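What you see is a predicted model; the values in this text were computed from it and never measured. Reckoned from all heavy atoms, side chains included, excluding hydrogens, waters and symmetry mates. Proteins get letters first, then strands, A, B, ... in listed order; numbering begins at 1 in each.
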Amino acid sequence: MSTKALLSRSEDFSEWYNQLVIRSELADYAPVRGCMVVRPYGWALWENMTAYLDAEFKRTGHVNAAFPTLIPLSFFEKEKEHVEGFSPQLAVVTHGGGEELEEKLVVRPTSETVIGYMYSKWINSWRDLPLLIVQWGSVMRWELRTKLFLRTAEFYWHEGHTAHATAEEATAEMRRILDIYEKFSLEEAAIPVIKGRKSDSERFPGARITTSIEAMMWDKRALQAGTSHYFGPNFAKAFDIQFLDKNNVRQYCETTSWAISSRMIGALIMVHGDDQGLVLPPRLAPIQTVIVPIFKSDAEQSAVMEVADGVFAALQAANIRVKLDDRDNVSPGFKFNDWEMRGVPVRIEIGPKDVAKGSVALARRDRPGREGKSFVPQTDLVATVGRLLDDIQSSLLQRATAYRDAHIHEPTTYEEFRKVVADDWAFVWWCGRAECEASIKEETRATTRCIPFDQPQQSGDCIYCGQPANERVYFARSY
RNA sequence: CGGGGCGUAGCUCAGUUUGGCAGAGCGCUCGGUUUGGGACCGAGAGGCCGCCAGUUCAAGUCUGGCCGCCCCGACCA
């Protein structure tokens, strides 16, 4: 615990983030470089995300399974782009049981290879398709530069791996999952996203098509919040995943994979957080409402606690995630700041005046200070809090959407473009050539984020080379 | 992997220039007074000064080596 104020968000956004993650007890640095410990409060947040996604995946016919952490190194060499993309990031196990291993093993950076290997054993007939499996777990990528939640050597995620009979079915699966990701982001995380296709240079190693949802952080940098890939027959050929179709002809499967990681926690922090600390959307917040009792004398204490206990029981019975902060070693003022830093959406203050008046003080986290404070009767408090939580949830999305839209521009000249992407996002025509993309990255540090699916029915001139372009794309600096 | 910074109490750091008893604030424990926006007083506990070697009567401080972490750039969920 600390009594010091948090660093201001505008003063040093990166340092604000680092301190906030530590002080809100979401995570801590592990003894191994680049690794993090997700603390109970952070894990509770992650669990609320996973619970929603897990239910969505099951609703759409997916099943969960677990594949091994260790994968033979040779597996990675079977798909050319895949090995080129991942070999710099592999952690390799060379010894086991005191002996040098005959075949080196990698700590999985992603599981397409080992799952492909298994799928080739399990899939024989068109009747085995589609195969829709999700793995929940962690993976390891040897990152050079790390940051808690956003990029750590080990991170937590789900990876969906599906195999289909046709390209149409596989691409439909890719899109269906991306829609789930979008819905999750909007409705649960209150983060607006742009759905689209990645450029070739940003594509997942080994994928035919990579799609993503892209979110704007408070510092206007872009964060890829989820991805869904279509592989075509690439991995099926590498791992010999074949099936006999209805005409008794052997065919390669079409596969997909997709993921959302614990990075989403970082997005939550960077989209909604303010100078007071975290601001968690009610639907994901581990604690939705905290009760802070206030009293001086013993008589006041027993009267206040009786009301506080009653409020706590009523909210809990209504399935609101509620905590009664009965710590006796810190002052109410300290608790206010403490829970604000942890992003609890609603605070209920109950003191002697409230006992006398049959009221409570309600404070909403998304509107700091007096503005967000109101005094409401104890009767119907459950309904009042429920409405308030809903209102905060939608307000957060509204605010984040307005903020994002205010920082997306459509420059028409390259000079304008350069100014825009120094801070904000640019939505511009692009000829689709990698050379233009690379030059822009070199000159501005902005990269293509995604090519939205909904394209205007026209064409234009490439923002860089001026040649005809028929797609518009978002450029931004990214995490 | 390049550039920069830093390793001293749980945390933030002073002390290193000029070698001479290991320090402060916060946090923690106990007691008391407090409590509607980060309370106060008093008494305590707490140290491999990152690691290894060297110089010296004496090293947190000087020399050499090693390790680790953070920040900034190229690669990435």
Side-chain angles (χ1 to χ4, degrees), chain A residues 1-7 12 14-15 17-19 22-23 28-35 84-90 109-110 138-159 181 198 201-205 210 212-215 222-229 257-267 276-277 292-298 300-301 304 325 327-341 347-357 359-361 363 368-370 372-373 375 441-442 445 447 478-479:
Chain A
M1 279 195 298
S2 171
T3 57
K4 274 182 286 185
L6 204 66
L7 197 69
D12 184 345
S14 177
E15 193 51 31
Y17 178 90
N18 289 338
Q19 289 187 12
I22 298 297
R23 286 184 53 180
D28 204 350
Y29 294 102
V32 177
R33 194 201 78 89
C35 290
E84 283 172 7
F86 278 104
S87 53
Q89 291 190 282
L90 297 180
T110 179
S138 68
V139 289
M140 175 160 286
R141 299 178 187 178
W142 212 257
E143 297 291 347
L144 299 177
R145 190 173 157 199
T146 60
K147 197 173 180 77
L148 293 173
F149 290 119
L150 295 183
R151 193 177 302 101
T152 47
E154 183 181 22
F155 59 89
Y156 298 87
W157 73 350
H158 66 258
E159 43 180 325
Y181 287 172
K198 284 290 196 181
S201 70
E202 298 279 330
R203 212 164 18 86
F204 179 85
T210 287
S212 71
I213 51 172
E214 299 285 329
L223 186 79
Q224 179 177 311
T227 50
S228 185
H229 315 288
S257 84
W258 25 274
I260 276 183
S261 75
S262 44
R263 165 183 269 191
M264 196 73 182
I265 294 174
Q276 267 63 250
V292 177
I294 298 157
F295 49 79
K296 294 190 178 94
S297 64
D298 286 355
E300 281 179 356
Q301 176 173 7
V304 163
D325 187 354
R327 284 179 290 179
D328 61 2
N329 60 332
V330 290
S331 67
F334 183 93
K335 291 177 184 177
F336 297 166
N337 286 284
D338 196 36
W339 292 113
E340 278 171 8
M341 189 185 60
R347 179 178 72 241
I348 300 174
E349 303 167 20
I350 303 175
K353 293 177 209 164
D354 299 299
V355 173
K357 290 189 290 190
S359 64
V360 303
R370 197 157 290 167
K373 221 158 169 173
F375 300 89
K441 183 178 180 182
E442 175 83 23
R445 287 159 77 186
T447 53
S478 78
Y479 275 98

Sugar-phosphate only, base, or nothing, as touched by A:S228 at under 4.0 Å among non-hydrogen atoms: nothing
For atom CD of A:E340 and atom P of B:G37, their distance in whole Å: 12 Å
Pairwise P distance for B:C11 and B:G3, with rounding to whole Å: 30 Å
Who pairs with B:C75 - Watson-Crick or G-U, where each distance is under 3.5 Å: none
Touch class at under 4.0 angstrom, heavy-atom based, for A:Y29 against every strand present: sugar-phosphate
Complement of B:U12, any strand, by Watson-Crick or G-U distances under 3.5 angstrom: B:A24
For atom NZ of A:K147 and atom C1' of B:A77, their distance in whole Å: 16 Å
Smallest separation among heavy atoms of A:G266 and A:F149, with atom names: N-CB, 3.9 Å
P spacing across the pair B:G7 / B:C51, given as an integer number of angstrom: 14 Å
Euclidean distance, atom CD of residue A:E159 to atom P of B:A77 [Å, nearest integer]: 13 Å
Touch class at under 4.0 angstrom, heavy-atom based, for A:P332 against every strand present: base
Side-chain donor or acceptor of A:S212 paired with backbone N/O of A:E214 under 3.5 Å: no
Sugar-phosphate only, base, or nothing, as touched by A:I260 at under 4.0 Å among non-hydrogen atoms: nothing
Straight-line distance of A:L150 CG to A:E143 CD, nearest 0.5 Å: 11.0 Å
A:F155 over B:A77, stacked by centroid distance under 5.5 Å, angle under 30°: yes
A:L148 backbone acceptor or donor facing A:Y17 side chain under 3.5 Å: yes
Watson-Crick or G-U counterpart of B:C30, or none if no pair lies under 3.5 Å: B:G42
Among B:G36, B:C75, B:A77, the nucleotide that comes nearest once only the side chain of A:Q224 is considered: B:A77
Sugar-phosphate only, base, or nothing, as touched by A:K335 at under 4.0 Å among non-hydrogen atoms: nothing
Gap separating the NZ atom of A:K198 from the NE2 atom of A:H229, nearest 0.5 angstrom: 10.0 Å
Of A:N18 and A:E143, the one whose closest RNA chain B nucleotide lies more 5': A:N18
A:T210 side-chain N/O to B:A77 phosphate OP1/OP2 under 4.0 Å: no
Euclidean distance for P, B:C52 against B:C67 (whole angstrom): 15 Å
Aromatic plane relationship, A:H158 with A:Y181 - under 30° parallel, 30 to 60° tilted, over 60° perpendicular: tilted
Closest listed nucleotide, where the reference is the side chain of A:K296 and the choices are B:A39, B:G37, B:U35: B:U35
Sugar-phosphate, base or nothing in reach of A:S261, heavy atoms under 4.0 Å: base
Span that lies between the P atom of B:U29 and that of B:A45, in whole angstrom: 15 Å
Touch class at under 4.0 angstrom, heavy-atom based, for A:R347 against every strand present: base
5′-ward residue of the pair A:T227/A:T146 relative to RNA chain B: A:T146
B:C1 to B:A39 separation - P atoms, rounded to the nearest Å: 48 Å
From B:G38, B:G36, B:C76, nucleotide with atom closest to A:R141 side chain: B:C76
Polar pair under 3.5 Å, donor/acceptor by atom type, side chain A:D338, base B:G38: no
A:D28 side, atom CG; A:C35 side, atom SG - distance, nearest 0.5 Å: 12.5 Å
Lys/Arg cation over aromatic A:F336: A:R347, 6.0 Å, 45° cone: yes
P gap between B:U61 and B:U56, integer Å: 16 Å
Separation between CD of A:Q224 and OH of A:Y479, rounded to the nearest 0.5 Å: 15.0 Å
Rounded distance in Å - CZ (A:F86) to C1' (B:C76): 9 Å
Distance in angstrom units between A:N329 CG and B:G31 C1', rounded: 15 Å
Heavy-atom pair with the smallest gap, counting every atom of A:L90 and A:W142: O-CB, 4.4 Å
B:G4 and B:G44, which share atom name P, separated by this distance in whole Å: 47 Å
Any-strand Watson-Crick or G-U partner of B:U35, both distances under 3.5 Å: none
Closest to side chain of A:T152, choosing from B:C72, B:A77, B:G36: B:A77
Touch class at under 4.0 angstrom, heavy-atom based, for A:T110 against every strand present: nothing
Candidates B:G37, B:A77, B:C72 - which lies nearest the side chain of A:R151: B:A77
Nearest non-hydrogen partners of A:R327 and A:D338, listed with the distance: NH2-OD2, 3.0 Å
A:E84 CD to B:C76 P, straight-line distance once rounded to whole Å: 12 Å
OP1 or OP2 of B:G73 under 4.0 Å from side-chain N/O of A:K441: no
Euclidean distance, atom CH2 of residue A:W142 to atom P of B:A77 [Å, nearest integer]: 18 Å
Sugar-phosphate only, base, or nothing, as touched by A:A361 at under 4.0 Å among non-hydrogen atoms: base
Closest to side chain of A:N337, choosing from B:G36, B:G37, B:U35: B:G37
Among B:A39, B:G36, B:C76, the nucleotide that comes nearest once only the side chain of A:E349 is considered: B:G36
Separation of the P atoms in B:G36 and B:C70, to the nearest angstrom: 39 Å
Where protein sits on nucleotides 1-11 of chain B, one letter per nucleotide: B base, S sugar-phosphate only, - none, heavy atoms under 4.0 Å: B----------
Residue matched to B:C6 through Watson-Crick or wobble contacts both under 3.5 angstrom: B:G68
Atom-to-atom span, CG of A:D328 to C1' of B:C28 - whole angstrom: 15 Å
